[in-house]
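Below is one structure, written out as structure tokens; comments come after it.
Chain naming here is simple, since letters A, B, ... match the order of the sequence lines and numbering starts at 1 in each.
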Amino acid sequence: MNSFFLILVVIGLSVAGYAVGRARSVFAAAGDVRILHSLPSYYGMFVALGCGLPAILLLAIWLIIQPQIVDHMVMSGLDPSIMPQNADAYSLMLTDIRNLSSGNATSREASPAIVAATERYLALQSIGFWSMVVGVVCIAMLGLAWARSQISRNFRARNAVEKIIRALLIVCSMIAILTTVGIVLSLIFESIRFFARVPFFDFLFGIHWSPQTAIRAEQVGASGSFGAVPLFAGTMLITLIAMLVAGPIGLLSAIYMAEYANPKFRGIAKPMLEVLAGIPTVVYGFFAALTVAPMIRGWGEGVGLDVSSESALAAGLVMGIMIIPFVSSLSDDVINSVPQSLRDGSYGLGATKSETIRHVIIPAALPGIVGAFLLAVSRAIGETMIVVMAAGLASNLTANPFEAVTTVTVQIVTLLVGDQEFDSAKTLAAFALGLVLFFVTLGLNVVALRVVRKYREKYD
Amino acid sequence: MSEKKKMAKSDASPASKATPPNATPKMKGDKVKVFYGEKQALMDVDLDIQPNEVTALIGPSGCGKSTFLRCLNRMNDVIDICRVEGKITLDDEDIYDSTLDPVQLRARVGMVFQKPNPFPKSIYDNVAYGPRIHGTAQSKADIDEIVETSLTKAGLFGEVKDRLLEPGTGLSGGQQQRLCIARAIAVNPEVILMDEPCSALDPIATAKIEELIDELRENYTIVIVTHSMQQAARVSQRTAFFHLGELVEVGDTEQIFTNPNDSRTQGYITGRFG
């Protein structure tokens, strides 16, 4: 038996509570449910929630707090002679005890004191667990009994249930928001640690990127160099290439889909175009690395250009293909939402279809199209897999699309892949880069959404 | 009777009497049938539109009057499932002839819609739109002149002359509708079709548009669809009553409203149905 079964028990009690509440309300109404304030199912829901919610809440809190209390009790119960002196030794010993208690081999031979502590640990855990079971079940029963006692003919169960449900909805949305806040905060704190080692302006405006830090002081290149400009430039270059591909193709295909295509073709082609958005980016990545990049290099050799086998062009082209659906789908939506009356007005003046599109529809849809482009740009900047596979790692500061460049996302990946200590400038640099990336894409998204919304207001 | 036609053109005083039926019609509908998919929306409509007159099309909702109006400049072509049979002529030229370009037709037969639909451009650009796409104006000065005369004819110039470069969508509903009329006039059409031009406007704006329609009659042939029988009586010289896709009766407005031949017309104008 573990916590999972306990949850099942609570759910079972809630279901029973529902039946009890429903039956009780029908009984209170003496069989004539019309005189009740709410439908019987609301009374059932009220009892179920009254039974389940506090119990689940208690369970969650208990599961969070119990390990800490147990750890503390075990460690403070140790013989003072083997009491660890510093924090590192403390956590090491705790890990030993935990490993031993779950039956894993430990790094060292366990001393009798540790074995004793382990036994104590297991005992405390078992006590904690069983008291939790008792506590949760008691709370569930008490909640059930209390909620049932509330039921009377005039009790406003519907209002109460709806209030509780609204609170649940708020909690759910708060979880999403708080997670975002947590991510941002962790980025900010780690970045602050990074900027304590590398000056802020050296990072933002330095033009040399070589994120190596030495293990021993006398190593070559010990200091490392964290000028992120080549990364920003590489990101911009690839994004630019991607937008040069996706912008025209996406917009023109959107115009075709929205204005010219017959419904049958549109019904087939539009979902197919949107399939592009569903292809995993890693697939695009190896398509770029294994097919497009060698092809471009082959062409380059054919016309006497020196093209490296990992080029910004290959990554940019494939990324452009990937973001076509973002441009075309959103543009298609805004073009479709241009009112028919504007088209009629233009046709009524003797304008042709293409004149109408150029002079009326595109200007009317322009804010939305700009919004679509900005969203696509922010998508391109944040894209990782394609550039990791196709753009390379060389932090060249160049505008030549035939050379290998590297991007912010690629560097974050390489900095955090493999064995890392979490306190070197090298690792922390990833957080600083992530922070920059976050603010750029956040800014683009905010502007884009604002533009799109402004446009929507105009015609709705 | 071409004398009479010329008279009407030169004579500025509004003639309240309709042109006699034997004058040469500007547009002529001959056994016009319209189908939306399988459904027939118009049955064998024969209707002549006399020059320099306001012809009002009245009838209950869904009777086909807007459909007929939209046939006159082939706006129904925009709707995929719509099919038109029969013959409609403009100055004895078949407008559904395969050699005729609907784009050119619409330059000759302009349209004003139920809901004011100015383009999201400046007032100036809204009016200059037609002349620009048709290339009728060569220089900036030409366009300036067309914009000014069109706005003046639409009775809007005085109100907007200081803000020609502001968006047309910022005007009031009535001003927007007059802007749309100015936009239609700027192409210099021969016929102007109006599809319930006042139904989205308040009474004061409606009165202004009606006044404008009466003035425009001097230079243009106007066909107006309206739900308001008072409006039809006020602005039109001829009235056609549609019911269930049929043209029930057409005649001088005065006769239709005082002494209709058909009992259905009688019923509709006295408010017994529709």
Contact check, side chains of A:Leu349 and B:Arg183, non-hydrogen atoms, under 4.5 Å: yes

For the candidates [options], which exhibits the highest count of non-hydrogen atom pairs separated by less than 4.5 Å from chain A?
{"options": "B:His134, B:Arg70, B:Gln104, B:Gln114", "answer": "B:His134"}
{"options": "B:Lys121, B:Met111, B:Arg74", "answer": "B:Lys121"}
{"options": "B:Arg108, B:Met75, B:Lys115", "answer": "B:Met75"}

What one should report as the nearest heavy-atom pair of B:Val103 and A:Gly350 is CG1-O, 2.9 Å

Proximal component of [X], with respect to chain A [non-hydrogen, under 4.5 Å]:
{"X": "B:Phe113", "value": "side chain"}
{"X": "B:Pro118", "value": "backbone"}
{"X": "B:Val112", "value": "neither"}

Steps toward side chain to side chain contact (heavy atoms under 4.5 Å, CB included) verdict (A:Val360, B:Tyr129): CA-CA 9 Å; A:Val360 176; B:Tyr129 182 79; 3.4 Å; yes

Nearest 0.5 Å, please: how far is [atom2] in [Y] from [atom1] in [X]?
{"X": "B:Asp195", "Y": "A:Asp344", "atom1": "CG", "atom2": "CG", "result": "9.5 Å"}
{"X": "A:Thr356", "Y": "B:Phe119", "atom1": "OG1", "atom2": "CZ", "result": "7.5 Å"}
{"X": "B:Asn117", "Y": "A:Arg343", "atom1": "CG", "atom2": "CZ", "result": "12.0 Å"}

